[in-house]
Amino acid sequence: MTFDAEDVEEDMGDHNDPLVLTLPVAGCNIKKILIDGGSSVNVLFYDTFKRMELNDEQLMSSYYIIYGFNGAPKKPLGYIVLEVKAGPMKVDTRFSVVNAPSPYNSIIGRRWVHKLKGVAATYHQYLIFPTPEGVMEIKGDQVTVREC
């Protein structure tokens, strides 16, 4: 997996955008998923959880606290394991369900990227990972991220 000059689009300019993708999660096409290499936990926000028509009875008990970038503690409502697809790859992913406002629908951390054996490139706006058919790229959505 390599990057070269052709991987940088002319209209990208000098940006500071995070990598935001649309991915199928449990059969639902979820937009505004932040790929956060600094996060050790995957988060599914409760309003997204409800829009996916999942119910609270599916949540497993959670005994830990999540600390956000501002250091504020937040206890998850619970956790749920859902399948996240990236091209032909399927990864069972544990999400902490959190009832908090967010411009994103979900945050996926480094463990998920590592399970894919992937590279999340914010500058190039790609998630790149090997598949049995060869290397696959999923392009980030800079328009959507700027709305967030």
Side-chain angles (χ1 to χ4, degrees), residues 1 3 7 9 11-132 135-148:
M1 294 184 283
F3 293 102
D7 293 320
E9 297 175 12
D11 63 345
M12 286 177 73
D14 184 23
H15 72 86
N16 192 30
D17 298 333
L19 183 58
V20 173
L21 305 177
T22 298
L23 296 170
V25 178
C28 298
N29 211 28
I30 304 297
K31 295 181 180 184
K32 296 194 287 184
I33 297 175
L34 174 65
I35 306 300
D36 183 0
S39 179
S40 61
V41 66
N42 304 306
V43 175
L44 182 64
F45 292 97
Y46 190 62
D47 59 335
T48 305
F49 176 86
K50 294 309 266 181
R51 284 195 314 271
M52 293 173 71
E53 299 182 0
L54 300 169
N55 61 59
D56 293 0
E57 291 77 34
Q58 293 174 273
L59 291 174
M60 304 296 289
S61 295
S62 178
Y63 300 102
Y64 56 90
I65 303 293
I66 296 173
Y67 294 90
F69 69 91
N70 63 356
K74 186 72 175 175
K75 182 161 179 22
L77 300 173
Y79 74 88
I80 189 168
V81 177
L82 301 171
E83 181 183 87
V84 179
K85 290 179 70 177
M89 309 303 284
K90 299 174 184 177
V91 178
D92 287 334
T93 305
R94 179 179 168 154
F95 287 95
S96 291
V97 178
V98 175
N99 192 5
S102 174
Y104 305 106
N105 290 316
S106 178
I107 299 172
I108 291 182
R110 65 181 169 267
R111 180 170 289 158
W112 183 84
V113 175
H114 291 176
K115 282 185 178 181
L116 279 178
K117 299 178 178 65
V119 175
T122 56
Y123 179 76
H124 294 89
Q125 288 292 296
Y126 279 104
L127 173 66
I128 301 173
F129 53 96
T131 73
V135 175
M136 181 168 189
E137 301 174 345
I138 298 177
K139 177 86 171 120
D141 186 347
Q142 284 184 288
V143 173
T144 298
V145 77
R146 290 175 184 170
E147 293 170 2
C148 293

Please enumerate all residues that pass side-chain contact (heavy atoms from CB on, under 4.5 Å) together with Pro88, with sequence neighbours excluded. Thr131, Glu133, Met136
CD1-CG distance between Ile138 and Leu127, expressed to the nearest 0.5 angstrom: 5.5 Å
Minimal non-hydrogen separation, Pro73 against Ile65, with atom names: CB-CG2, 3.5 Å
Got a sec, which residues hit side-chain contact (heavy atoms from CB on, under 4.5 Å) with Ser102, two or more places apart in sequence or on another chain? Phe45, Tyr104
Quick one: are Trp112 and Val91 in side-chain contact, heavy atoms under 4.5 Å? yes
With sequence neighbours excluded, residues passing ring-ring contact (aromatic ring centres under 6.0 Å, His included) with Phe49: Tyr46
Geometric cation-pi criterion Lys139 and Tyr126, 6.0 Å radius, 45° cone: yes
In Å and rounded to the nearest 0.5 Å, what is the CZ to OG distance from Arg111 to Ser40? 7.0 Å
Min side-chain heavy-atom separation Lys50-Asp47 under 4.5 Å: no
Output the distance between atom CG (Asn42) and atom CD1 (Ile80), rounded to the nearest 0.5 Å. 13.0 Å
Got Ile128 and Val135 here, is their nearest side-chain heavy-atom distance under 4.5 Å? yes
Close side-chain approach of Phe95 and Val25, heavy atoms under 4.5 Å: yes
Is any side-chain heavy atom of Ile66 less than 4.5 Å from a side-chain heavy atom of Pro76? yes
Could you list the residues that satisfy side-chain contact (heavy atoms from CB on, under 4.5 Å) with Ala26, not counting sequence neighbours? Met52, Leu82
Look at atom NZ of Lys75 and say whether more than 12 heavy atoms of other residues, nucleotides or ligands are closer to it than 6.0 Å. yes
Please name all residues satisfying salt bridge (Lys or Arg N to Asp or Glu O under 4.0 Å) with Lys74, sequence neighbours left out, ordered by chain then number. none
Donor-acceptor check, side chain of Lys115 to backbone of Lys90, threshold 3.5 angstrom: yes or no? no
Apply side chain to side chain donor-acceptor pair (under 3.5 Å) to Tyr64 and list each qualifying residue two or more places apart in sequence or on a separate chain. Ser96
One should read off an interatomic distance between Ile35 CD1 and Gln125 CD, to the nearest 0.5 angstrom, of 11.0 Å
Which residues share a side-chain contact (heavy atoms from CB on, under 4.5 Å) with Pro132, sequence neighbours left out: Met89
Which residues pass the side chain to side chain donor-acceptor pair (under 3.5 Å) test with Asn105, sequence neighbours left out? Thr48, Arg51
Please report the interatomic distance CG(Leu59) to CG(Leu54), rounded to the nearest 0.5 Å. 8.5 Å
Apply side-chain contact (heavy atoms from CB on, under 4.5 Å) to the pair Asn29 and Thr22, showing each step before the final yes or no. CA-CA 7 Å; Asn29 211 28; Thr22 298; 3.7 Å; yes
Nearest-0.5 Å distance that lies between atom CG in Leu34 and atom CG in Leu21: 9.0 Å
Checking side chain to side chain contact (heavy atoms under 4.5 Å, CB included) between Ile107 and each of Val98, Ile33, Val43, Leu44, which is the one that passes? Val43
Heavy-atom closest pair, residues Val113 and Val119: CG1-N, 4.2 Å
After noting the C-alpha distance and the side-chain angles of Met60 and Tyr79, does the key distance pass the side-chain contact (heavy atoms from CB on, under 4.5 Å) rule? CA-CA 5 Å; Met60 304 296 289; Tyr79 74 88; 3.4 Å; yes
Holding to salt bridge (Lys or Arg N to Asp or Glu O under 4.0 Å), I want the full list of residues that pass it with Arg94, two or more places apart in sequence or in another chain. none
